[in-house]
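To start, the structure under review is shown below, and the notes come after it.
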Number of protein chains: 2
Amino acid sequence: MTQDDDKRLNDLRVDDLRRAFRRLGLRLTSQRVTVWRLFSDSTTGLTLPEACRALQEYAIGQATVYRVVNSLCELGFLLNIHGTNGEHRYLAGHPGHVHHLICRSCGHVREVTDCDLSTLEKLLAAQTGFAVEGHYLEFYGRCPRCGPSPG
Amino acid sequence: MTQDDDKRLNDLRVDDLRRAFRRLGLRLTSQRVTVWRLFSDSTTGLTLPEACRALQEYAIGQATVYRVVNSLCELGFLLNIHGTNGEHRYLAGHPGHVHHLICRSCGHVREVTDCDLSTLEKLLAAQTGFAVEGHYLEFYGRCPRCGPSPG
DNA sequence: TGAGTCATTGAGAAAAATTATCATAAAGGC
DNA sequence: GCCTTTATGATAATTTTTCTCAATGACTCA
């Protein structure tokens with residue numbers, strides 16, 4: 001698992017993207033592939049305006065960027081994380097239940113797959129009467145490259 | 001703890017607010033109190049535009065609303081939560097380390113104080129080399145009043 | 001493979017949200 | 001109650017997000 005982060009998600013075959021889009025009755029366009037590539041190359045995630053600026057180079061309009069990011073989110077290819085300043089960043093990830101470990105210094109993000117909060121969820125359900133359906137969990141700190149907090 | 005949610009945070013004395021502001025060299029103004037009251041009366045949190053609209057009634061300008069909400073966040077009186085549609089909502093809460101249980105149906109939020117993820121954090125630190133400094137955790141589900149998910 | 005259908009795109013406008021500016025108002029110290 | 005200094009409101013400016021619609025191009029079916 002240690003090296004999984006480095007081989008990013010470009011190896012997700014375009015055919016997988018096509019299948020996923022098709023499942024929603026959507027077509028696979030070159031723009032959608034390009035947007036996906038941009039995000040899957042990023043280890044920190046991008047905000048929507050950042051993505052728009054980066055994709056100008058490929059002559060992809062901003063309306064399209066917004067639309068594609070939304071679709072990729074719905075399909076589970078992109079996830080929302082909190083940037084260091086609270087801004088929304090979109091991060092490419094493996095579909096499924098994952099969490100993130102976010103470096104507050106450089107923004108590098110690493111996936112966390114092994115979390116088990118089910119007992120805590122049951123406890124909360126019993127205490128509060130809420131029907132707990134899921135959770136959103138992010139860890140933050142400093143990545144190995146940035147080293148421990150200064151001072 | 002069951003009834004703690006209902007007696008909201010209005011009982012936080014204005015003097016406490018003043019002391020907190022003073023600590024940052026800020027003055028306590030009627031606008032700041034009014035903004036605080038609005039948020040402390042809400043069990044679902046408000047977005048900034050929502051707050052601006054609500055505070056028009058009191059002739060508080062939107063620039064002020066943005067500034068005061070920022071201050072209240074820095075002081076720990078307001079916290080950021082994810083609304084049902086991913087939007088930022090600001091919620092009055094007791095300062096300190098708390099998490100939230102958010103109803104996906106009505107938006108009602110309840111504080112969760114008992115979480116212990118320290119062992120999980122240590123495990124992650126060992127596995128990844130990150131210096132884990134904290135976490136952000138939200139639970140979502142359906143509150144007792146809304147009942148379990150339909151269908 | 002080629003034509004037709006229909007979702008998708010880009011440009012631009014429009015709307016919404018956020019930030020900046022600055023003269024005026026008022027909080028807190030004396 | 002004055003005085004200093006911060007905070008406010010109105011307005012403008014900027015940024016972000018959404019909308020519209022003609023033109024393009026992906027996919028289906030023959």
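Below, chains carry the letters A, B, ... as their sequence lines are ordered, and counting in each starts from 1.
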For the pair made of [atom1] in [X] and [atom2] in [N], what is the distance, rounded to whole Å?
X       : N      : atom1 : atom2 : value
B/Gln56 : D/dA10 : CD    : C1'   : 13 Å
B/Leu28 : C/dG28 : CG    : P     : 6 Å
A/Ile60 : C/dG10 : CD1   : C1'   : 11 Å
B/Asn70 : D/dT6  : CG    : P     : 19 Å
A/His88 : C/dA17 : NE2   : C1'   : 14 Å
A/Leu26 : D/dG25 : CG    : C1'   : 15 Å
A/Arg18 : D/dG25 : CZ    : C1'   : 13 Å
B/Asp15 : C/dG28 : CG    : P     : 11 Å

Exercise for the section: Looking at every strand, decide which applies to B/Arg67 at a 4.0 Å heavy-atom threshold: base, sugar-phosphate, or nothing. Expected result: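 Base: the residue B/Arg67, judged by heavy atoms under 4.0 Å, touches a nucleobase.
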
To the nearest 0.5 Å, what is the distance between [atom1] on [X] and [atom2] on [Y]?
X        : Y        : atom1 : atom2 : value
B/Gln127 : A/Thr113 : CD    : OG1   : 8.0 Å
B/Phe130 : A/Cys146 : CZ    : SG    : 8.5 Å
A/Leu24  : A/Arg19  : CG    : CZ    : 14.5 Å

Problem - 5'-most by nearest nucleotide on DNA chain C - A/Gly61 or B/Ser30 - result: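 Result of the comparison: A/Gly61.
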
Problem - Earlier contact from the 5' end, DNA chain C, for B/Gln62 and A/Gln31 - result: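 Residue closer to the 5' terminus by nearest nucleotide: A/Gln31.
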
Practice task
Using the closest heavy atom to pick a nucleotide of DNA chain D for each, name whichever of A/Pro49 or B/Gly25 lands nearer the 5' end.
Solution key: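 By nearest-heavy-atom nucleotide position, the 5'-most residue is B/Gly25.
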
[X] side chain near [N] phosphate (N/O to OP1/OP2, under 4.0 Å):
X       : N      : result
A/Arg32 : C/dA7  : no
A/Thr29 : D/dA26 : no
A/Arg27 : C/dT5  : no

Problem - Nucleotide nearest A/Ala63 (side chain, heavy atoms from C-beta), chosen from D/dC19, C/dT18, D/dG9 - result: D/dC19

Could you give the side-chain donor-acceptor pairs of residues 69-85 of chain A under 3.5 Å, partners two or more places apart or in another chain?
unit_1	atom_1	unit_2	atom_2	d
A/Ser71	OG	A/Arg67	O	3.2
A/His82	ND1	A/Glu138	OE1	3.0
A/His82	NE2	B/His82	NE2	2.6

Exercise for the section: Please test B/Leu91 against B/His100 for side-chain contact (heavy atoms from CB on, under 4.5 Å), starting from the C-alpha separation and ending with a verdict. Expected result: CA-CA 10 Å; B/Leu91 185 84; B/His100 295 97; 3.4 Å; yes

